[in-house]
Amino acid sequence: MSVLADKNTRLLVQGITGGEGSFHTRQMMEYGTRVVAGVTPGKGGQTFDNKVPIFNTVEEAVRETGANASVIFVPPPFAADAIMEAADAGVSLIVTITEGIPTRDMITVKAFLDKKETRMIGPNCPGIISPGQCKIGIMPGFIHREGRVGVISRSGTLTYEAVKQLSDLGIGQSTCIGIGGDPVIGTTFTDALKLFNEDPDTDAVVLIGEIGGTAEQEAASYIKSEFKKAVVAFIAGQTAPPGRRMGHAGAIISGGEGTAAEKMAALKDAGAHVCESPAVIGRTMQKALGLA
Amino acid sequence: MKIHEYQAKEILKKYGVAVPEGKIARTPEEAEAIARELGTSVVVVKAQIHAGGRGKAGGVKLAKSPEEARDIAANMLGSKLVTHQTGPEGKEVRQVLVEQGLDIAKEYYLGIVLDRSRSQLVIMASTEGGVEIEKVAAETPEKIIKEWIDPLTGLRPAQARKIAFALGLSGATFKNAVKFLQALYEAYVQTDASLAEINPLVETTDGHVLALDAKINFDDNALFRHPDYAELRDLNEEEPLEVEASKYNLNYIKLDGNVGCMVNGAGLAMATMDIIKLAGGEPANFLDVGGGASAETVENGFRIILSDPNVKAVLINIFGGIVRCDRVARGVIEAAKNVDIHVPLVVRLEGTNAEEAARLLDESGLELQVANSLEDAAQKVVASLA
């Protein structure tokens, strides 16, 4: 009942000994995620919380533990290198939580990953969770419940808001994917929609976009032509002024492009149920599923 | 991060990008001295503000003598320039760039920007110099030449030649344009720019190619690599409350409405602004207090929001995931003791320990309304305006 991550995911944590890394590693393990290795260069041979072996390199960690996914908490100046190290070691899924990676670095990373078999989620994202199975990231696990709705979002706490609305109405989630708020990201809305389109255990998808760029419009054209399931969408930033960066590095209306209005229109045209208010995401999905 | 034209040109020059000779003046006398030093029959006096549309607004003027340059500078300095990007209140001109006049044969547009869909830089060029690229893109998109750059090769010489040929250049001008393109790309990458716009790029009658205007923005995420950029920041160009907020590491953007809001997370902060508007109010700001939402951040947030005299009510919307709502509630109560909250306050705390948090707020004796959903919060805060 999920995409990307499930009970069989063997996770390694890059930056496991840092403040964020260690805190969230504990949270992920508490949720039931199989954390099999940590990587902190220079701390190889040590053990995290007497449970998780730490390695100097990702290659070693993969060889010794069979890790097939990595979550990155490495600080911005070193994050791009950490991503490429993981891809080089053959890790098939990389989830980059780090916020503040320079765009120049991400352009290089993206070109590097194009030549690899690795999928990356993020950066600047809360991560992904397949409720009841595996949590790779920093989201609060308890608001989720197992179910058949996929969630794709550029945001963090706004995703939690939407997920809680769903869970409160008894609508569980197959997988929630935080794709991140940066201008250059690994997995786009369209990439994530393709995964849910093929997933027999996902019936519908919530798409939470925001101002900036044209990723939602590209998703809309994919929804219109190929996506077989119901989509409920919300776009944050209907009241955002042009030319200002609204917190996320990628949330900016520039040159008149990337407004909420044009994204909402494209999604409506593609047949998505577009919510004007962030308060009705759950109820709109309830109706779309014929539950209300 | 935005910088002034004269700063952009100084940086570009270091990378071998051809720019007109010129210097910055802060007084009419300095402008006169620079004009005399330049020695050209005509000089250009350009107001330095962080906004486009200066030419049309009277912020760019020709002077035929050093004395005239002085008089123009005297008029510009201290005056408020109103362009389509400054808003009706305009921006005060505090410095002017005095440059050599050029014999211009033709004007072009040249820009480098990130193409988010392709995750690559794209160079855009057009024969429609001096016109906003958005206007060209909307009306005559076929006139925009685009060349995407593979980061693993950088701008290849063949690509630079392709652009220069497509602009119809030949001879010495062609060679100078190719050199210009390569230098501009190098400057963009090395400085971690997020935008470089040369509009217009000019060809002179003697075959030179120069940046008549230059706009460069830097990637905020890369500032740690460029500590020297701190001195390029011009606080006069920023909203004072935003400067104040940045001291507390608060992500605050001032808007024109009357409902202040304090939210954790950028997406939820935008969504909160949207729902305030849907409920019939107008958001006064964007404010993301980040994940922690400690007593200190909440207190600083209150101070910033309440410094805006337009604010008639405040909404706090926190989704406590990892951070516990009861801790946020204690933070709000603590902050409220230190700040005079003279407007109605609505608090909505959701997530971990939300019920405990609501109880703490109820029992705090503070004059506030607790909301139990996003919708309820928006309605309550807008109702409190009446």
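Each chain gets a letter, A, B and so on, in the order the sequences are listed, and its residues count up from 1.
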Chain A contact via B/Arg118 - which portion, at a heavy-atom distance below 4.5 Å: neither
Side chain / backbone / both / neither for A/Arg154 at chain B, heavy atoms under 4.5 Å: side chain
Side chains of B/Asn353 and B/Asp326, donor plus acceptor under 3.5 Å: yes
Which atoms of A/Phe142 approach chain B - backbone, side chain, both or neither, heavy atom under 4.5 Å: side chain
Nearest heavy atoms of A/Asp182 and A/Pro123, plus distance in Å: OD2-CG, 3.7 Å
A/Pro77 versus chain B, the contacting section by heavy-atom distance below 4.5 Å: both
Minimum-distance pair of heavy atoms, taken over all atoms of B/Leu349 and B/Ala354: O-CB, 3.6 Å
Which portion of A/Glu210 sits near chain B, non-hydrogen atoms under 4.5 angstrom: side chain
Chain A contact via B/Val113 - which portion, at a heavy-atom distance below 4.5 Å: neither
Under 4.5 Å from any heavy atom of chain B - which part of A/Ile138: backbone
Under 4.5 Å from any heavy atom of chain A - which part of B/Glu350: side chain
B/Ser373 versus chain A, the contacting section by heavy-atom distance below 4.5 Å: neither
Per-residue contact mode, A/Ala249 against chain B (heavy atom under 4.5 angstrom): side chain
Most contacts with chain B, counted as non-hydrogen pairs under 4.5 angstrom, among A/Ala236, A/Ser155, A/Pro140, A/Gly237: A/Gly237
Portion of A/Thr214 that has a non-hydrogen atom of chain B nearer than 4.5 angstrom: side chain
Contacting moiety of A/Glu161, where chain B heavy atoms sit under 4.5 Å: both
Pair B/Lys277-B/Glu282, salt bridge (charged side-chain N to carboxylate O under 4.0 Å, His left out): steps then yes or no: CA-CA 5 Å; B/Lys277 172 93 175 178; B/Glu282 287 286 342; 2.9 Å; yes
B/Ser117 versus A/Glu218, side-chain donor and acceptor atoms under 3.5 Å: yes
Heavy-atom contact with chain B under 4.5 Å, split by part of A/Glu99: neither
Residue B/Thr272 versus chain A: region with a heavy atom under 4.5 Å: neither
Ring pair (Phe, Tyr, Trp, His ring centres under 6.0 Å) between B/Phe218 and B/Tyr229, intermediate numbers included: CA-CA 9 Å; B/Phe218 297 125; B/Tyr229 291 175; 3.9 Å; yes
Part of A/Ile101 lying under 4.5 Å from any heavy atom of chain B: backbone
Under 4.5 Å from any heavy atom of chain A - which part of B/Asp274: both
Audit row: A/Asp105, A/Lys110, salt bridge (charged side-chain N to carboxylate O under 4.0 Å, His left out) steps and yes/no: CA-CA 9 Å; A/Asp105 297 9; A/Lys110 190 81 175 166; over 6 Å; no
Which portion of A/Thr239 sits near chain B, non-hydrogen atoms under 4.5 angstrom: both
